[in-house]
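Here the structure is laid out as structure tokens; the discussion comes afterwards.
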2 protein chains.
Amino acid sequence: MFESAELGQKTSKEAFKELEPDLRYRLLQAQQRIQIAGIPVIILLSGVEGSDRSGVVKRLNKWFDPRYLRTYAFWDETDEERERPLYWRFWRCMPQRGETTIMFGSWYTHPIIDRAFDRCDDHQLQLSLHQINMHERMLSQDNHVIIKLWFHISHKTQLKRLDKKKRFGKSPTAALFKNFAENYARFIKVSEQTIKATDTAEAPWHIIEATDKRYRDVKAATIVIEALEAQLAKIEQQPLNSPPVETETPLKASILDRIKLDLSLDTNDYVKQLGRYQKQLAKLVWEAYDQKRSIILLFEGWDAAGKGGAIRRITSTIDARLYKVIPIAAPSDEEKAHHYLWRFWRHIPRSGYLTIYDRSWYGRVLVERVEGFAQQDEWQRAYHEINFFEEQLINHGIILCKFWLHISADEQLRRFREREQTPWKQHKITDEDWRNRENWPAYEHAIHDMVTHTSSDASPWTVVPANDKLFGRVQILKTLCKTIKQAL
Amino acid sequence: MFESAELGQKTSKEAFKELEPDLRYRLLQAQQRIQIAGIPVIILLSGVEGSDRSGVVKRLNKWFDPRYLRTYAFWDETDEERERPLYWRFWRCMPQRGETTIMFGSWYTHPIIDRAFDRCDDHQLQLSLHQINMHERMLSQDNHVIIKLWFHISHKTQLKRLDKKKRFGKSPTAALFKNFAENYARFIKVSEQTIKATDTAEAPWHIIEATDKRYRDVKAATIVIEALEAQLAKIEQQPLNSPPVETETPLKASILDRIKLDLSLDTNDYVKQLGRYQKQLAKLVWEAYDQKRSIILLFEGWDAAGKGGAIRRITSTIDARLYKVIPIAAPSDEEKAHHYLWRFWRHIPRSGYLTIYDRSWYGRVLVERVEGFAQQDEWQRAYHEINFFEEQLINHGIILCKFWLHISADEQLRRFREREQTPWKQHKITDEDWRNRENWPAYEHAIHDMVTHTSSDASPWTVVPANDKLFGRVQILKTLCKTIKQAL
């Protein structure tokens, strides 16, 4: 695979001087149009150690308009990063629409190095690469341009450069670099395997001969320009008008129909059981803290189904130092400028902590679907994206509990009226709630689809009958205790 | 000081039941008006260990509208926090305008505990408290409401509660708690000293007897309501129109006049010196990394003074893993919703790393002053705020270098014209640049004041003669090398 990158290709000083003005001009032009079009760009720099990716970073920083360019290196991880799923550190650095992120080191670094140094087996490598493909496809479907550059040098060149570095002394990378040189063949083999498995249509690899630095940089810039121009052309071809909303076959039977809404609890039982489970939960959450296990709870439900009250029954028993409640309302402009999952990744808890999402990423397939904020293809692929997201949480050892609070339309109406009449509840009822209520059948459909597509053994939905608030709260606490106990 | 909080005050269950609806209603009302008025609120919960601040958090979370409320506990610090100045962790949690942050533990925690356990002396405590006063005054001047609640219990009560906790077992706080109980008297003494020194008009302390939980919570809520209502009344009294801009006496002589703009360097000398200092800088930055010292560079200067080029001469020599360039343009809405320094605190580097601000917090006293985006009282107090901010950076061991790139008005005109004619420079020249140019005298005045007010031994400005770009770049690199070398 790398033979074509050992051809001894060079660009002379004179040729470079002649090429540079045009390259810079085209790069800036493309960047400006990308910025106006609001396209996020990711440039991944990978390759053989010693191929001087640092030099490429410098050149790109010189040629690009630096106002819309950020460079991130992934090498010296913090504990805040280690305490969260692997991709959290990358989500932290994702470009806003119209901006470019250069990633020096990336989601490829860990899999390749771990395999090359035998810290994982082939099967684990495959899984990581599969994950990378999903991640890249997801970004690409959200109009991200992903430009993956692989810089190759021969072993001979590598050894020569290593020699030079020796004289340099101080840098702590020197030792690491030596390690790589000694394992060149192994590293190349794993890289080949990686590139093959991840060379997709939406995010293809570009292998660049990096022995001659001028050739390398001209080639890299050319690839970047072409990728940006291709994306711009693609965007321009897209019809400006959004596709017509498909008429959906009405839902005949819903998963929700099976929920027994007449279940209830009398006050005495409620007080007793609530107390018991709350005590249990408080202990379990400390235990999870001791074991460095994180917990994520998310609450969705009909308006006035009692999410707030249920959440309070949980938080009122947990030590205030251990949890955070994240209410999800309209996104900020920074949030809007990123992939829709970014705003949820932001709040993933550190090891040992608990985060409660009051509404969540499921907004994509609920309100955004029903209100038409998301196109059909967007909310349809969201099931897969969400499953992939939750899989990452679970694989990292996070305990995830998802609750849908279910009430009947009649009960909702009763509660809306009650809210209007209680002074400290009036702020909870708005015109929007009445409007949502009119969309009850559409929501029913969306909920049915959501539960069908995103409930699995590893990450099940708990649909809570909540016509009786007392019953609902106890059921939530009970489920929570059971799930956490099993996981610890 | 705490005698008045050992009076045995209680609220009966019945009285509480009667009070609660009205309290909740008033709290929500105030919160809603605060939200509409865009006032940020900070509620600090301090007090004797065992006063059950966690219980207060729970009650406030129940009574408040949780959508605009966040609770942060400061106890289990991450390395990302430890690697930055003390206040970085608090800036991370600052409320947006209209929102409320409850801080469980705060900037008071470290000073009090360190002194109580003899980890610092009285002098250091005084300095910390002085810093707190400045910090709180700064926030209060930016319309933040700061409500400081101190929860007191007697030693007897504390010991009783400790006994109860023992049975609870698991919690890692149990040991800590015991430690506090054994040092009650000492802790009380330091607390008294702290409260006295920080009981200011803009952020007064409220001491609450916390033996009876109902009394405690009613009292806390009442104080919060009154503080919010007072702020709302104050805001309403403020004249809606901004005060007239004062006519300024024209500047007769400026600090800039003394800068010799005819200094220059021929190309041969430039290449030689640039190379030498770049090599030196590359090594020094690795050395700083090894010593875990952070570096912050900031660049201000006339439009077209060559900031970008100068920054590139620095970044092109530093390992790409070690630095970040932060271009400062219009703030995002999240940034606008915070104190103006928040957006700069966000990017303070971890230990050992380097951050370059391309334009900076000095925008407050330059463009915001000249264009009238900041009121006179806002930019005038900004000198002090900035000095305080930089002092925190320096005290944390960060190496700070500030550069003003100076050119003459004629030279600027020449460069503007050149930019218009060079294809890859056209994006750098906009109508705004021409408009700024018309304000040259006003900027001259602002620059003079800025350098006068914010240049000190610990944090000096380097005004760089940059009519000759080559001379300017070498001077910057030279200054940089010298400053870093001295600091290491």
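None of the values given here were measured: they were computed from a predicted structure. Residue numbering restarts at 1 for every chain, and letters A, B, ... go by the order of the sequence lines.
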| said: For the interface with chain B, which of A:Glu335, A:Gln96, A:Arg92 has the highest count of heavy-atom pairs at distances below 4.5 Å? | reply: A:Arg92
| field | Residues A:Arg82 and B:Glu80 bridged, charged N to O under 4.0 Å | value | no
| request: Return the option, out of B:Gly55, B:Ala329, B:Pro21, B:Gly105, with the maximum number of heavy-atom pairs under 4.5 Å with chain A. | output: B:Pro21
| message | Quick check against the 3.5 Å criterion: does B:Asp333 have a side-chain atom that pairs as donor or acceptor with the backbone of A:Ser332? | response | no
| message | Can you confirm whether A:Arg312 sits close enough to B:Lys58 that some side-chain heavy atom of one is under 4.5 Å from a side-chain heavy atom of the other? | response | no
| field | Pairwise side-chain contact, B:Arg70 with A:Val325, heavy-atom cut-off 4.5 Å (strictly under) | value | no
| task | Pick one of side chain, backbone, both or neither for A:Lys324, based on which atoms fall under 4.5 Å of a heavy atom in chain B. | result | side chain
| field | chain B contact via A:Arg26 - which portion, at a heavy-atom distance below 4.5 Å | value | neither
| Under 4.5 Å from any heavy atom of chain B - which part of A:Glu334 | both
| task | Check each atom of B:Tyr25 against the heavy atoms of chain A and say whether the ones under 4.5 Å are side chain, backbone, both or neither. | result | both
| task | Would you name the heavy atoms of A:Val57 and B:Ala320 that are closest together and state the gap between them? | result | CG1-CB, 3.7 Å
| task | Heavy-atom distances under 4.5 Å only: say whether A:Thr422 touches chain B with side chain, backbone, both or neither. | result | neither
| said: Under a 4.0 Å threshold between the charged nitrogen and the carboxylate oxygen, would B:Asp76 count as salt-bridged to A:Arg350? | reply: yes
| query | Measuring heavy-atom distances to chain B, does A:Tyr353 have an atom under 4.5 Å in its side chain, in its backbone, in both, or in neither? | reply | side chain
| query | Based on non-hydrogen pairs under 4.5 Å, which of A:Thr78, A:Asp79, A:Ile328 is most in contact with chain B? | reply | A:Asp79
| message | Tell me whether B:Glu432 at atom CD has more than 12 heavy atoms from other residues, nucleotides or ligands lying less than 6.0 Å away. | response | no
| said: Would you say NZ of B:Lys485 has more than 12 non-hydrogen atoms from neighbouring residues, nucleotides or ligands within 6.0 angstrom? | reply: no
| Is the closest side-chain heavy-atom distance between B:Phe74 and A:Arg321 below 4.5 Å? | no
| remark: Tightest non-hydrogen contact, residues B:Pro327 and A:Pro66, listed as CG-O, 3.9 Å
| Heavy-atom distance under 4.5 Å to chain A: side chain of B:Leu27, backbone, both or neither? | neither
